[in-house]
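Some notes on the structure that comes next.
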Amino acid sequence: MNFKRAIGVLLFTGAVLLLTGMHIAEYLYPGYSVSGNYISDLGATCRATCTVYQPSAFIFNSSVILLGILIILSSYFIWREFNSSIIAALFCLSGFGAVGVGLFPETAGFLHLIVSFMTFFFGALAAIAASRFVKAPFSYFSVLMGISSLTALVLYGLNVYLGLGQGGMERMIAYPVLMWAIGFGGYMMSTDKL
């Protein structure tokens, strides 16, 4: 079995499916604002009370669970191909976080915050760490995308949204890693030797 191709197919497919699912869910969610709403509002919107819009919630939650499962599977192949338990663990933790985001939407309260943080934090670290497995210039982009995501996570935690709103800033955490996963997946699928 070609482990690199398996890694590539899993990560590319998961990231593309989540981005597609997110955009369909946004379209189907009444009055959704990319700037004003959290990404996770697509699964359930909880402020004073909780509201779940269907089929938006089902589409988003299913997409993020599927992404998480595919990341977890890819972590096994990363371990087999690159013999790196640490990097495989970073991917796996990010994948478990993503599954958790779908299983525990905003209705789960603090648990949702924990799994969201796991997804963002460990996903960004995985992008940085995986730079060891690719050649320049993509290795530089791996580090850049991971650092961009971590920087946005810190700013988000400090409630500094840079005029993007809370939803826009949250996307500055998520999009770099998702775009990196698509690129890394393509790289792995097309590379026989590094």
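Note that these values count all heavy atoms, side chains included, but never hydrogens, waters or copies made by symmetry. Just so we're clear, the structure is a prediction, and the values are computed from it rather than from any experiment.
- A 4.5 Å side-chain heavy-atom check between E170 and L164 finds every atom pair outside the cut-off.
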Under 3.5 Å, which donor-acceptor pairs do the side chains of residues 55-70 form with other protein atoms, sequence neighbours left out?
| residue | atom | partner | partner atom | Å |
| --- | --- | --- | --- | --- |
| S56 | OG | A25 | O | 2.9 |
| N61 | ND2 | A57 | O | 3.2 |
| S62 | OG | F58 | O | 2.7 |
| S63 | OG | I59 | O | 2.7 |

Quick one: side chains of residues 7-18, donor-acceptor pairs under 3.5 Å with protein atoms, not counting sequence neighbours, listed by atom name and distance.
| residue | atom | partner | partner atom | Å |
| --- | --- | --- | --- | --- |
| T13 | OG1 | V9 | O | 2.6 |

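- In this structure, the separation between CZ on F104 and OG on S40 is 13.5 Å, given to the nearest 0.5 Å.
- Sorted pairs that involve residues 138-150 and meet salt bridge (charged side-chain N to carboxylate O under 4.0 Å, His left out), not counting sequence neighbours, are lacking altogether.
- The aromatic rings of F3 and Y76 sit perpendicular, their planes meeting at an angle over 60°, well past the 30° parallel limit.
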Can you give each donor-acceptor pair under 3.5 Å made by side-chain atoms of residues 118-128, sequence neighbours left out, with the distance rounded to 0.1 Å?
| residue | atom | partner | partner atom | Å |
| --- | --- | --- | --- | --- |
| T119 | OG1 | G97 | O | 3.2 |
| T119 | OG1 | A98 | N | 2.9 |
| T119 | OG1 | V115 | O | 2.9 |

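- Side-chain polar atoms of T45 and Y38 form no donor-acceptor pair below 3.5 angstrom.
- Note on ring orientation: taking the six-membered ring where Trp is involved, the planes of Y156 and Y161 are tilted (angle from 30° to 60°).
- A chain of hydrophobic side-chain contacts below 4.5 Å, direct or via other Ile, Leu, Val, Met, Phe, Trp or Tyr residues, connects F141 to I147.
- Counting heavy atoms from C-beta outward, E106 and R47 have side chains that approach closer than 4.5 Å.
- For C92, there are no disulfide (SG to SG under 2.5 Å) partners, not counting sequence neighbours.
- With hydrogens and angles left out, the side-chain atoms of W180 and S142 include a donor and acceptor closer than 3.5 Å.
- Side-chain heavy-atom separations under 4.5 angstrom define the hydrophobic clusters, and V52 shares its cluster with no other residue.
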